[in-house]
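Okay, so here's the structure we're looking at.
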Amino acid sequence: MEFLGGSALEVAPKLLNALLVSDIDGTIVTLRITEVEAYLGVAEDPGSHAFRGKTERNSSMFLRGGHVYVYRSYGMHWCANVVAGPEGEAGAVLVRAGEVTEGRETALARRLATGTVRRPADLASGPGRICAALGITGDIDGQEFGRDRALSLWLPREPLGSARAAVGTSTRTGVGGPGGFLPYRSFLLGEETVSRHRPSPHEKTTK
DNA sequence: CCAGAGATTTTCT
DNA sequence: GAAAATCTCTGGA
């Protein structure tokens with residue numbers, strides 16, 4: 001996982017089409033990633049948890065690339081990130097959406113335990129939904145990706161290559177203020193699992 | 001289909 | 001005490 005030592009901005013698009021595999025509670029669930037967002041380090045990115053420095057919550061963002069950063073969002077959802085960059089420097093890529101390719105039944109059961117699934121594409125379309133579907137909780141925070149671990153990451157056999165044109169970019173969802181301008185969201189075009197982009201609050205006001 | 005608001009709790013100012 | 005990298009349901013067009 002050499003490339004995870006790069007900045008979150010470099011790493012984010014490379015994670016598109018990668019497989020995120022969870023082996024939790026004795027079941028394998030595999031997710032093909034279709035949408036991600038990059039978050040940078042201290043004083044670099046007003047939208048990042050690390051903007052004001054290291055705290056207890058965001059300390060995993062300062063680990064070496066290849067670790068997991070899980071945080072609680074709005075008091076009720078878990079969100080999972082792939083940590084990027086060298087040790088001591090904050091950076092992470094939020095996994096926003098994907099398609100469950102293995103373990104659909106388990107994923108569906110986990111999702112139905114807390115919410116509803118209107119259409120198949122909604123199984124893991126959203127950071128909170130992904131964690132519910134894969135069984136990811138705060139217990140995983142700070143762990144390392146790897147074979148025989150709770151979470152592992154597998155790059156696509158074929159690099160995106162010609163599919164490079166199929167990658168879209170936009171501002172991040174739900175990030176307001178100065179950070180709302182930054183085009184740090186990457187997604188695969190034409191994917192059913194990618195949510196319609198909701199403009200950041202500032203974009204809304206400037207139309 | 002879309003906009004609006006509630007749920008719920010941790011974190012930081 | 002306010003805000004938060006969200007999700008779901010409700011009500012109106």
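Chain naming here is simple, since letters A, B, ... match the order of the sequence lines and numbering starts at 1 in each. Bear in mind the structure is a predicted one, so any value in this text is a computation, not a measurement.
- Of the candidates C:dA5, C:dT8, B:dA7, C:dT8 carries the atom nearest the A:Thr116 side chain, counting heavy atoms from C-beta on.
- Residues A:Asp23 and A:Arg149 are not paired through a salt bridge, judged by the lack of any N-O separation under 4.0 Å between the basic side chain and the carboxylate.
- Within residues 29-45 of chain A, the residues approached by DNA chain C to less than 4.0 Å at the level of any non-hydrogen atom are A:Tyr39, in residue-number order.
- Taking only side-chain nitrogens and oxygens, A:Arg129 comes nearer than 4.0 Å to OP1 or OP2 of C:dT8.
- Look at A:His49 and you'll find a side-chain N or O under 4.0 angstrom from OP1 or OP2 of C:dA5.
- Rounded to an integer number of Å, the gap from NE2 of A:His77 to P of C:dA5 is 13 Å.
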Interface polar pairs with nucleotides 10-13 of chain B, N/O, under 3.5 angstrom:
| unit_1 | atom_1 | unit_2 | atom_2 | d |
| --- | --- | --- | --- | --- |
| B:dC12 | OP1 | A:Thr55 | OG1 | 2.2 |

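- Salt-bridge check for A:Arg172 with A:Asp45: passed, with a basic side-chain N closer than 4.0 Å to an acidic carboxylate O.
- Side-chain atoms of A:Glu89 never come within 3.5 Å of backbone atoms of A:Pro86 as a donor-acceptor pair (strictly under, hydrogens ignored).
- Applying the 4.0 Å criterion to OP1 and OP2 of C:dT6, one finds that A:Arg96 has a side-chain N or O inside that range.
- Using a 4.0 Å cut-off, no side-chain N or O of A:Thr114 falls inside it from OP1 or OP2 of C:dC7.
- Atom CZ in A:Arg172 sits about 13 Å away from atom P in C:dA4, given to the nearest Å.
- With respect to the salt-bridge test (charged N to carboxylate O, under 4.0 angstrom), the residues A:Arg96 and A:Glu37 qualify.
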**Item:** Bracket string, DNA chain C, 5' to 3' - pairs by Watson-Crick or G-U geometry under 3.5 Å, | interstrand
**Value:** ||||.|||||||.

